[in-house]
Protein chains: 2
Amino acid sequence: MTVQPCTVPAVSAERLDREDWLEAGLDALERGGVEAVAVVPLARSLGVTRGSFYWHFGSRGELLDGVLERWERVHSDEVLDALQAIEDPRRRLGALFERSASKPPSIFVRLLDAADREPAVKAVLERSARRRIEVLAQACREAGMSPAEARRRATLCYAAYVGLARMTADGSLDMSPRERAALSRHLLATLVP
Amino acid sequence: MTVQPCTVPAVSAERLDREDWLEAGLDALERGGVEAVAVVPLARSLGVTRGSFYWHFGSRGELLDGVLERWERVHSDEVLDALQAIEDPRRRLGALFERSASKPPSIFVRLLDAADREPAVKAVLERSARRRIEVLAQACREAGMSPAEARRRATLCYAAYVGLARMTADGSLDMSPRERAALSRHLLATLVP
DNA sequence: ACCTGAACACCGTTCAAGT
DNA sequence: ACCTGAACACCGTTCAAGT
């Protein structure tokens with residue numbers, strides 16, 4: 001009697017690969033922030049010992065790199081691509097802030113928090129900032145500003161966004177989501193008249 | 001032969017009190033940020049074992065509370081008091097940004113970074129934000145804005161400041177100190193015309 | 001190829017025992 | 001009153017040994 005080989009992947013493979021760890025890591029990042037991307041707890045949740053981890057990754061930092069790369073692809077690239085499609089510059093700016101402000105920016109803030117300790121996070125934030133400032137600056141130029149002025153305004157705009165996100169997270173800004181949204185619009189109206 | 005009792009405090013007392021730990025903690029905070037306020041390294045630098053620490057404090061968190069309180073008294077209260085003395089509102093605003101931007105805001109940024117993990121830090125930042133926004137708002141009112149408008153502008157202004165501090169720290173903002181100062185002035189001129 | 005198990009280093013916390 | 005010393009829990013990292 002010959003047994004048919006199983007053609008569908010087993011529900012829970014006994015052996016893991018890099019992919020499994022990365023998935024679990026991203027999940028942990030979304031639930032508990034950068035600190036939650038930790039070897040021992042992850043190993044526990046995968047039903048395996050810590051030693052197993054080090055066959056797939058050289059260090060916890062390497063895992064974090066991979067996890068952040070994934071996060072960036074999903075949560076940053078997609079969003080920016082969608083924005084580029086909006087032609088009216090003012091409307092595009094509005095959409096950038098709308099998107100950024102609506103869903104709780106928890107992961108973003110968690111990344112801000114971790115930037116100091118984690119070089120990998122620093123790099124992600126740097127890219128994120130550069131790209132968003134570029135989107136903002138382009139919209140400003142299309143709205144009629146000089147390149148230098150556009151860059152200044154865009155930078156301030158992004159800085160204010162970062163600051164508002166931070167303040168909302170740590171409770172320095174006690175405002176309802178509605179008030180926050182109004183403040184964002186106010187910011188745009190003030191900086192890009 | 002009777003020995004004279006020593007009237008000056010010994011250079012290194014064999015026994016420590018709360019004060020010694022707080023001092024060492026503040027020093028550590030300034031050198032290495034919130035994470036550096038750690039029991040074991042501190043004990044080591046004080047030439048004592050970890051067990052000693054727990055006679056003076058209930059936990060590492062309690063130490064951090066005390067250290068932050070001290071930091072706030074020295075680095076926040078003093079500065080704000082000095083500002084209140086400037087009568088011209090525009091000049092006062094300029095001075096607030098000057099002071100905040102000139103000396104590297106490293107501790108401030110470190111606090112921003114730690115807010116997520118450390119409730120004590122959150123409280124400090126909350127107070128700091130409230131007070132600075134109040135100073136900004138008052139200056140705006142004195143410059144002729146309505147109270148509501150003043151509050152909005154002040155909040156945006158502070159948010160931009162927080163964001164700029166953060167971005168400078170993590171390298172998202174690659175600008176010279178001179179450029180940063182110019183940007184700060186630009187911010188003020190834009191938000192408080 | 002992937003994993004276990006035990007080791008070591010590091011930090012937070014507790015506590016009985018010392019002075 | 002203040003401190004030691006040893007214990008325990010937790011996480012990161014290494015590595016010889018298993019399948």
Side-chain angles (χ1 to χ4, degrees), chain A residues 5-6 9-29 31-68 110 113-114 116-121, chain B residues 5-6 9-29 31-68 110 113-114 116-121:
Chain A
C6 181
V11 188
S12 70
E14 304 140 7
R15 306 250 132 171
L16 308 172
D17 56 6
R18 244 178 167 265
E19 184 61 28
D20 295 310
W21 287 95
L22 285 171
E23 253 174 44
L26 184 54
D27 194 57
L29 175 69
R31 286 179 200 282
V34 177
E35 315 158 73
V37 184
V39 178
V40 173
L42 238 41
R44 218 171 1 236
S45 82
L46 286 171
V48 88
T49 68
R50 40 174 23 88
S52 153
F53 171 82
Y54 286 93
W55 196 89
H56 302 283
F57 295 87
S59 68
R60 182 239 173 195
E62 194 182 319
L63 169 65
L64 187 56
D65 281 343
V67 167
L68 288 172
R110 282 176 195 283
D113 287 331
D116 193 43
R117 289 159 287 148
E118 317 269 7
V121 173
Chain B
C6 181
V11 188
S12 71
E14 303 140 6
R15 307 248 133 172
L16 308 173
D17 56 6
R18 243 177 168 266
E19 184 61 26
D20 296 310
W21 286 96
L22 286 170
E23 253 174 44
L26 184 54
D27 194 58
L29 175 69
R31 286 179 200 284
V34 177
E35 315 159 73
V37 184
V39 178
V40 172
L42 239 39
R44 217 170 3 234
S45 83
L46 286 171
V48 87
T49 66
R50 43 180 13 92
S52 152
F53 171 82
Y54 286 92
W55 196 89
H56 301 282
F57 296 87
S59 68
R60 182 242 175 193
E62 194 182 318
L63 170 65
L64 187 56
D65 281 343
V67 168
L68 289 172
R110 282 176 194 283
D113 287 331
D116 193 42
R117 290 159 286 150
E118 317 270 7
V121 174

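By convention in this document, chain letters (A, B, ...) are assigned in the order of the sequence lines, proteins followed by strands, and residues within each chain are numbered from 1. Keep in mind the model is a prediction, meaning the values are calculated, not measured.
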Original post:
B:V37 pairs by side-chain contact (heavy atoms from CB on, under 4.5 Å) with which of B:L63, B:D27, B:L26?
Top reply: B:L63
Of the candidate nucleotides [options], which contains the atom at the shortest distance from the side chain of [X]?
X: B:A38; options: C:dC3, C:dT13, C:dC11; result: C:dC11
X: A:T49; options: C:dG5, C:dA1, D:dC3; result: C:dG5
X: A:H56; options: C:dC2, C:dT13, D:dC11; result: C:dC2
X: B:Y54; options: D:dC3, C:dC11, C:dT14; result: C:dT14
X: B:V40; options: C:dT13, D:dT13, C:dC11; result: C:dC11
X: A:W55; options: C:dG12, C:dA7, C:dC2; result: C:dC2

**OP:** Would you confirm whether B:D20, through its side chain, and B:E23, through its main-chain N or O, come within 3.5 Å as a donor-acceptor pair?
**Re:** no
Let me know the distance between [atom1] of [X] and [atom2] of [N], rounded to the nearest Å.
X: B:L63; N: C:dT13; atom1: CG; atom2: C1'; result: 14 Å
X: A:L42; N: D:dC11; atom1: CG; atom2: C1'; result: 12 Å
X: A:R18; N: C:dA1; atom1: CZ; atom2: P; result: 15 Å
X: A:F53; N: C:dT4; atom1: CZ; atom2: P; result: 14 Å
X: A:L46; N: C:dT4; atom1: CG; atom2: P; result: 11 Å
X: B:R50; N: D:dA7; atom1: CZ; atom2: P; result: 13 Å
X: A:W21; N: C:dC3; atom1: CH2; atom2: C1'; result: 10 Å
X: B:F57; N: C:dC11; atom1: CZ; atom2: P; result: 19 Å

Original post:
What distance separates B:E118 CD from B:D113 CG, expressed to the nearest 0.5 Å?
Top reply: 11.5 Å
**OP:** Using a strict 4.0 Å threshold on nitrogen-to-oxygen distance, state whether A:R117 and A:E35 make a salt bridge.
**Re:** no
Original post:
Donor-acceptor pair under 3.5 Å: do we get one between B:R60's side chain and the base of C:dT13?
Top reply: no
Subject >> Validation row: A:L22, A:F57 side chains within 4.5 angstrom (heavy atoms) >> reply: yes
Subject >> Pairwise 5' ranking along DNA chain D for A:S52 and A:E35, keeping only the more 5' one >> reply: A:E35
Original post:
On DNA chain D, nearest-nucleotide positions of A:G58 versus A:R44: which is more 5'?
Top reply: A:R44
Original post:
If pairing requires Watson-Crick or G-U wobble contacts with both distances under 3.5 Å, which nucleotide is the partner of D:dA9?
Top reply: none
Subject >> Watson-Crick or G-U wobble partner of C:dT4, both distances under 3.5 Å >> reply: D:dA16
**OP:** Please check the phosphate of D:dT19 (OP1 and OP2 only) for any side-chain N or O of A:R15 closer than 4.0 Å.
**Re:** no
